[in-house]
Amino acid sequence: MAEAHTGTPEKDDEDRLTEAEIAVHWKEESFFHPTPKFIGQANLTDPAVVESFQEKHFPECFRAYADLLTWDKYWTTTLDTSNPPFWKWFVGGKLNVSYNCVDRNLAKYGNKAAIIWVSEAEDEPVVSITYQELYVRVNEMAAVLRDSCGLKTGDRVTIHMPMVPELPVTMLACARLGVIHSVVFGGFSGEACGARIVDSGSRVLITMDGYYRSGKLLDHKVNADIAVKKAESDGTKVEKVLVWKRFSGKYSSPTPMVEGRDHFVDDLLKHHRGALVPPVSMPAEAPLFLMYTSGSTGKPKGCQHSTGGYLAYVTATSKFIQDIHPTDIYWCMADIGWITGHSYIVYGPLALAATSVMYEGVPTYPDAGRVWRIAERLGVNIFHTSPTSIRMLRKLGPDEPKKYHYHFKCMTTVGEPIEPEAWLWYYNTVGRREAAITDTWWQTENGGFLCSTKPALDPMKPGSAGPPMLGIYPVIYDEHGKEIPPGAGKAGNICIRNPWPGILQTIWGDPDRFVKNYYAKYNKDKNSKDWRDWPYFAGDGAVWAGDGYIRILGRVDDVINVAGHRLGTKELESACLTVPEIAEAAVVPIVDAERGRVPEVYVSLKPGVKAGPEIAEKVTKAIETTIGKIARPKAVRIVPDMPKTRSGKIMRRVLAAISNEMDYGDITTLSNPEVVEQIRVQVQGAGPVKKKTAPEDIRRFGETT
Ligand code: PRX
């Protein structure tokens with residue numbers, strides 16, 4: 001183990017390596033240790049717990065996770081592996097998620113804030129919702145869903161809402177009835193929402209009239225109309241659209257309500273005041289929710305998460321890794337429309353009776369001090385965010401945190417690799433060298449963390465997520481299935497050898513894709529009933545150091561991680577092809593100092609069409625309409641032709657090399673090698689070929705397509 005120390009001053013900006021250089025020449029960093037004060041109060045300090053999760057105790061070790069929940073009926077089989085890789089956890093058990101997150105906290109914590117909500121508008125009062133009030137609101141909303149909408153256990157509902165308390169209220173109301181929710185990120189376009197409505201087969205869409213973003217009150221209801229239209233054109237009829245109001249009693253959208261289809265939630269709630277809806281006792285294996293994420297094809301995957309396994313996993317990891325106690329004020333800055341928000345704003349923290357802070361808007365609105373003012377005002381002591389936000393907050397206000405009085409006992413980073421320079425600012429300036437940092441690696445599919453330090457037990461190493469989580473047994477394989485052992489100093493594809501309770505159950509409606517996507521690559525015997533033959537392929541490159549710490553290098557497939565959000569290149573390409581002038585499109589990731597990666601688009605035009613800035617604008621607009629603003633490309637390059645193999649496949653690898661100023665390697669096998677140089681000059685200008693080094697995910701991009 002490297003020499004321990006408690007903090008180094010930050011280096012000057014000029015000394016900063018680019019992310020590309022770091023990924024290639026990354027040196028192993030020194031270890032940092034949690035403070036005795038943190039260890040003194042932490043939930044997980046007993047190394048015997050770690051011992052109890054050794055492989056020889058699998059799968060029964062996970063009983064300890066499930067025992068954190070209140071079960072209506074205790075399970076009989078901890079893990080059923082009879083139909084690999086469709087694992088079943090806690091079989092025979094029954095429970096209700098809304099009961100576990102709300103009702104069971106009433107006796108001790110009824111008067112304590114469950115959710116504290118902060119509007120983006122700084123002069124709007126902060127809203128605190130106690131567990132008692134949450135209980136009442138969830139029950140009333142459950143009555144709306146059941147009695148006014150006719151929803152029942154197993155139905156799906158799509159929720160397209162911003163970061164407002166009504167969102168967790170709606171999710172918990174669904175969970176109370178065993179209705180499967182599919183929350184679509186509020187920033188996704190109406191069309192993207194519509195596509196997800198169709199895939200999930202939702203008859204009801206729940207939305208809100210508007211919300212604040214960078215100081216503007218956006219019209220969100222308009223997206224519902226687009227979503228319903230899109231769903232109908234694809235054969236799914238949405239019967240009801242429920243519309244929450246951002247301001248009580250006042251409709252804030254210019255988009256009219258549609259007679260007979262659209263209903264204001266506050267009107268419906270009037271019929272159910274004081275209603276009590278008994279929580280439906282659900283089998284542990286019943287689906288709790290769907291969360292759509294991007295994959296290698298154009299169609300988003302509906303990751304199906306379970307009731308018992310999922311809740312057990314997020315509750316335990318919230319307790320042991322986030323170190324949440326009921327007395328803590330916990331703030332995760334993610335959006336509930338992503339998996340981080342589901343697991344670590346709503347379900348994990350509430351199951352532990354914590355106070356979970358929600359913030360509506362942009363972290364740097366109206367200025368770079370906003371986040372720290374919120375932390376100071378609310379007494380936040382656990383903070384959770386992404387490297388993109390850390391980089392942005394650092395850039396706009398490197399000394400801003402020093403002006404505010406708050407104290408974080410621990411902090412989390414999630415979603416992308418964090419370069420050591422950003423980590424050190426987080427540690428030294430935001431955390432004041434008091435806060436233990438957990439760098440948590442996981443995915444939408446995983447339910448909860450897969451790699452992270454255990455904050456009171458393991459020292460931190462900047463840039464490395466850390467050792468595998470309790471009961472998670474990874475392996476790193478090369479492309480041919482040969483194991484790369486820890487300490488080999490070589491990168492490979494990280495897989496998890498065993499099932500765990502938080503793992504997705506399947507891809508909604510597409511079990512074959514589920515098997516193909518996550519298991520086919522390294523499974524050697526598809527008839528095997530032994531879980532050891534079914535390593536889960538995560539789609540990330542990683543290096544496992546000799547000290548047991550894992551450093552995640554990024555995606556090895558056609559997924560681009562933009563500011564911690566997953567976008568499939570195929571989804572973006574399909575959006576480009578909706579522009580009538582476009583013949584072909586290829587999307588590649590480029591390294592961006594703040595947002596990690598951003599998409600760059602190459603298009604070729606149909607014969608007779610003249611290139612011009614209006615075409616590039618149309619392409620950008622098409623992406624925003626089909627997916628959302630978050631997918632906006634850094635540049636749209638109109639090229640004379642795409643570099644292609646003799647069989648006509650677009651060589652995205654070559655385009656990614658040009659965009660990232662890397663050596664594009666051997667192109668002699670292309671059918672049109674001459675176009676490569678033309679494109680290079682168009683993108684980089686004349687001059688010698690640039691040969692920068694790039695991170696693993698960029699170097700490997702396009703290998704498989
Ligand atoms: O590439 C990894 C990266 O984010 C991907 C998963 O994205 P998503 O499903 O949207 O979930 C994000 C939040 C859980 C992974 O395949 N990633 C996530 N966390 C980390 C990370 N990369 C490096 N370090 C992390 N801590």
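Counting convention: from 1, in listed order, for ligands and their atoms alike.
In the model, K301 has a side-chain atom that pairs as donor or acceptor with a side-chain atom of Y518 under 3.5 Å. Side-chain N/O atoms of Y211 and E360 include no donor and acceptor closer than 3.5 Å. No side-chain donor-acceptor contact under 3.5 Å links Y347 and S318.
Residue nearest to atom 6 (C) of ligand 1, selected from W442, Y344, F449, W441: W442 (by heavy-atom distance).
Looking only at heavy atoms of the protein, atom 11 (O) of ligand 1 is closest to T444 N, 3.6 Å. With respect to atom 10 (O) of ligand 1, the closest heavy atom belonging to the protein is R566 CD, 3.4 Å. Looking only at protein heavy atoms, the nearest one to atom 15 (C) of ligand 1 is D540 OD2, 3.1 Å. For atom 17 (N) of ligand 1, the nearest protein heavy atom (residue, atom name, distance) is G415 O, 3.2 Å. The single protein non-hydrogen atom nearest to atom 5 (C) of ligand 1 is N561 ND2, 4.0 Å, given as residue, atom name and distance.
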Exercise for the section: Apply the test salt bridge (Lys or Arg N to Asp or Glu O under 4.0 Å) to residues D478 and K482: give CA-CA distance (whole Å), side-chain angles for both, the deciding distance (0.1 Å), then the verdict. Expected result: CA-CA 5 Å; D478 70 10; K482 192 163 167 295; 5.5 Å; no
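Looking at Y65, its side chain never comes within 3.5 Å of a backbone N or O of T317 through a donor-acceptor pair. The backbone N or O of V559 lies less than 3.5 Å from a partner atom in the side chain of D557, making a donor-acceptor pair.
Checked by distance only, ligand 1 and D439 come closer than 3.5 Å through their nitrogen or oxygen atoms. The N/O atoms of T293, backbone and side chain alike, include none that comes under 3.5 Å of an N/O atom in ligand 1. For the pair T440 and ligand 1, the shortest N or O to N or O distance falls below 3.5 Å. Distances between N or O atoms of T340 and those of ligand 1 include no value under 3.5 Å.
A ring-centre distance under 6.0 Å is found for Y344 and F449. Taking the centre of each ring, H305 and H181 stay at or above the 6.0 Å mark.
A cation-pi contact links R196 to F188, judged by a cut-off of 6.0 Å to the six-membered ring centre and 45° from its axis.
For the ligand labelled ligand 1, residue A465 lies outside the 4.0 Å heavy-atom shell. The shell of residues lying under 4.0 angstrom from ligand 1, judged by heavy atoms, includes P417.
The proximity of E416 to ligand 1, defined as any non-hydrogen pair under 4.0 Å, is limited to the backbone.
Listed by atom number, the atoms of ligand 1 under 4.0 Å from I552 heavy atoms are 22 (N), 23 (C).
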